[in-house]
Enquirer: 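Once you've had a glance at the structure underneath, I'll fire off some questions.
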Protein chains: 2
Amino acid sequence: MSSGGPSRRVRADAERSTARILEAAEDVLAEDPNAPLERIADAAGVARATVHRRFSSRTALLDALAAHLNERYLRALAETRVATAPPLVALQRLTETIFDLKLCHRFAIQLDAAITPEVLAGVDLLFERLRDAGVITSADPVWCRRVYLALLHEVNDLSADSPTLTALHAGSEVEARINLLVGTVIGALGGTDTTNGLLVRPSLAGD
Amino acid sequence: MSSGGPSRRVRADAERSTARILEAAEDVLAEDPNAPLERIADAAGVARATVHRRFSSRTALLDALAAHLNERYLRALAETRVATAPPLVALQRLTETIFDLKLCHRFAIQLDAAITPEVLAGVDLLFERLRDAGVITSADPVWCRRVYLALLHEVNDLSADSPTLTALHAGSEVEARINLLVGTVIGALGGTDTTNGLLVRPSLAGD
DNA sequence: CCTACATGAGACATCATAGTCTCATTTAAG
DNA sequence: CTTAAATGAGACTATGATGTCTCATGTAGG
């Protein structure tokens, strides 16, 4: 959408700045949603004025950030093949992707705006398929989604040396988190512990 | 602690104001933790100056609020007889009390300070007993607590006409929420669905 | 090398909120 | 009733954040 016009002068410099500001904003705002723009500027290594040049207002920055996150969510959902892969595998994979991209850490921001109807639909579809497959019993997509997101945050905030995590003695720490989340969600949504036995094996998610 | 000195002049008027301010602060800050003091004053029906008279600073108000909430948590735990009642009954009862006092709605505030070590110990004891009784399998009190609190919020925020709630067709809406929470938490923490069958009967909690 | 764009630094205006103070009025309690 | 405390209303200051502007400097790209 930018390589069209010849008179269009968008210096590579500028694009880099914008990217760094967005990145910094994600980090800073995840810890304090009310952080002043100056702290974001510092974290990005640019002057406060530059932030204002790239984003006309604080709201504009928030909006851009939301759009940016939404884009990554959509990509994560696409990579997961929510609609076609076996639902349990899809759940495992989606969780994996979210942890990899550190997305959970980021949308601690009150960016409900980042969760667009499309993302929502993708997640809802996943849980619908999980239920059809008999993995869970809850039939309410809204409830499933909320439980999933809430537990995602909890698992993410869990300290690395928590007994719950170490007890899983998975290959890596992230793997342990993924397994914990998937198992907990399924249990919360009415899954049987038979499924649980299957879930703790990350090899299931492999291709 | 106030009926001691004779020269101690604490007009009943003043105490009422303080109470109303704290109440208003709970409501207002639950919705917006960064709400200005003026909004709290308005909600309390007093002038902004009065808030400043009773609480030297915003921080002081927050601290008082935390202490107030902590007090009520302790009372709730005591009424629940966490240490002696059958653990499943205690869980049901505790949840009931929390919903009754609308405590869950309130500590949406970032008042981690309101959760003192004493409250923490009470909750931890409850989950320890639940595990000993075989109701749940998770042995990590921290994890249990976090899951419980996270799901508490989700259940509380759930809209009244949510299919998940209505499907429980409990006596009252609050009852449905309690049952949903207890069942979900137990499932999340590794409980079997056999227990679930018992849980949906609120009569269990009756004295 | 040259030109136009991007930036950093900093001054500046504006606005929202916190916190203090005064004074007239209300009200609890002896 | 009388007194002293509590309040409401409002002026006032201080502070921090946002947003705008200018100008000198740096730098990408031709």
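Per chain, numbering begins at 1; letters A, B, ... match sequence-line order.
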Enquirer: Hey, what are the protein-to-nucleotides 8-14 of chain D N/O distances that come in under 3.5 Å?
Expert:
residue	atom	partner	partner atom	Å
D:dG8	OP2	B:Ala47	N	2.9
D:dG8	OP2	B:Thr50	OG1	2.6
D:dG8	N7	B:Arg53	NH2	3.4
D:dG8	O6	B:Arg53	NH2	2.9

Enquirer: Which heavy atom in A:Ala160 sits nearest to a heavy atom in A:Thr166, and how many Å separate them?
Expert: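 Closest pair (atom of A:Ala160, atom of A:Thr166, distance): O-CG2, 4.2 Å.
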
Enquirer: Of the options B:His68, B:Arg54, B:Glu23, B:Arg53, which is the one that meets B:Thr18 in a side chain to side chain donor-acceptor pair (under 3.5 Å)?
Expert: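 For B:Thr18, the side chain to side chain donor-acceptor pair (under 3.5 Å) test succeeds with only one of B:His68, B:Arg54, B:Glu23, B:Arg53, which is B:Arg54.
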
Enquirer: Let me know the distance between CG of B:Asn34 and P of D:dT18, rounded to the nearest Å.
Expert: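 Result: 13 Å.
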
Enquirer: Name the one of B:Leu94, B:Val89, B:Leu91 that satisfies side chain to side chain contact (heavy atoms under 4.5 Å, CB included) with B:Thr80?
Expert: B:Leu94

Enquirer: Are A:Asn70 and A:Glu118 linked by a side-chain donor-acceptor pair shorter than 3.5 Å?
Expert: no

Enquirer: With salt bridge (Lys or Arg N to Asp or Glu O under 4.0 Å) as the rule and sequence neighbours excluded, what pairs involving residues 120-132 of chain A come up?
Expert: A:Asp124-A:Arg145

Enquirer: Rounding to a whole Å, what distance do you find between B:Arg16:CZ and D:dT7:P?
Expert: 9 Å

Enquirer: Take the protein atom CZ of A:Phe55 and the nucleotide atom P of D:dT18, then report the distance between them rounded to whole Å.
Expert: 14 Å

Enquirer: Let's see if you can work this out: which of C:dA18, D:dG19, C:dA28 has an atom nearest to the side-chain heavy atoms of B:Arg58?
Expert: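 Minimum distance to the B:Arg58 side chain belongs to C:dA18.
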
Enquirer: Nearest to the side chain of B:Ser57, heavy atoms from C-beta on, is which of C:dG19, D:dA28, D:dA6?
Expert: C:dG19

Enquirer: Does B:Ser17 have a side-chain nitrogen or oxygen under 4.0 Å from the phosphate oxygens OP1 or OP2 of D:dA6?
Expert: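 So the side chain of B:Ser17 is outside the cut-off, no N or O lying under 4.0 Å from OP1 or OP2 of D:dA6.
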
Enquirer: Between the two end axes of the helix from C:dC1-D:dG30 to C:dG30-D:dC1, each built from 5 base pairs, what angle do you get to the nearest 10°?
Expert: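 Roughly 40° between the end axes, to the nearest 10°.
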
Enquirer: Closer than 4.0 angstrom, basic N to acidic O: yes or no for A:Arg72 and A:Glu79?
Expert: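 No, this pair does not count.
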
Enquirer: Between A:Arg75 and A:Glu71, is the closest basic N to carboxylate O distance under 4.0 Å?
Expert: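 Not counted as a salt bridge, because no side-chain N and carboxylate O are separated by less than 4.0 Å.
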
Enquirer: Could you state the atom-to-atom distance from NE2 of B:His52 to P of C:dT20 in whole Å?
Expert: 8 Å

Enquirer: For the residue pair A:Asp140 / B:Ser162, report whether a side-chain donor-acceptor contact shorter than 3.5 Å exists.
Expert: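 The criterion, which ignores hydrogens and geometry beyond distance, is satisfied for A:Asp140 and B:Ser162.
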
Enquirer: Is the phosphate of D:dA5, meaning OP1 or OP2, less than 4.0 Å from a side-chain N or O of B:Arg11?
Expert: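 The answer is no; no side-chain N or O of B:Arg11 sits under 4.0 Å from OP1 or OP2.
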
Enquirer: Enter the distance from A:Leu151:CG to B:Leu151:CG here, rounded to the nearest 0.5 Å.
Expert: 5.0 Å

Enquirer: Starting at CG of A:Asp32 and ending at P of D:dG16, how long is that distance when rounded to a whole Å?
Expert: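 About 15 Å, once rounded to whole Å.
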
Enquirer: Please compare A:Ala35 and B:Ala14 by the position of their nearest nucleotide in DNA chain D and report the one closer to 5'.
Expert: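 Upstream on the strand: B:Ala14.
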
Enquirer: Which whole-number value in Å describes the distance from A:Glu15 CD to D:dT27 P?
Expert: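 Between P of D:dT27 and CD of A:Glu15: 19 Å.
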
Enquirer: Residues in side-chain contact (heavy atoms from CB on, under 4.5 Å) with B:Thr137, at least two apart?
Expert: none

Enquirer: Would you kindly give the CZ-to-P distance between A:Arg54 and C:dA6, to the nearest whole Å?
Expert: 6 Å

Enquirer: Just jot down the ring-ring contact (aromatic ring centres under 6.0 Å, His included) partners of A:Tyr148, sequence neighbours excluded, or say none.
Expert: A:Phe127

Enquirer: Heavy atom of residues 36-43 of chain B under 4.0 Å from DNA chain C: which residues?
Expert: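 Within this stretch, B:Pro36, B:Leu37 sit under 4.0 Å of the strand.
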
Enquirer: Rounded to the nearest 0.5 Å, what separation is found between the CG atom of B:Leu165 and the CD atom of B:Glu175?
Expert: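 The CD atom of B:Glu175 is 12.0 Å from CG of B:Leu165, to the nearest 0.5 Å.
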
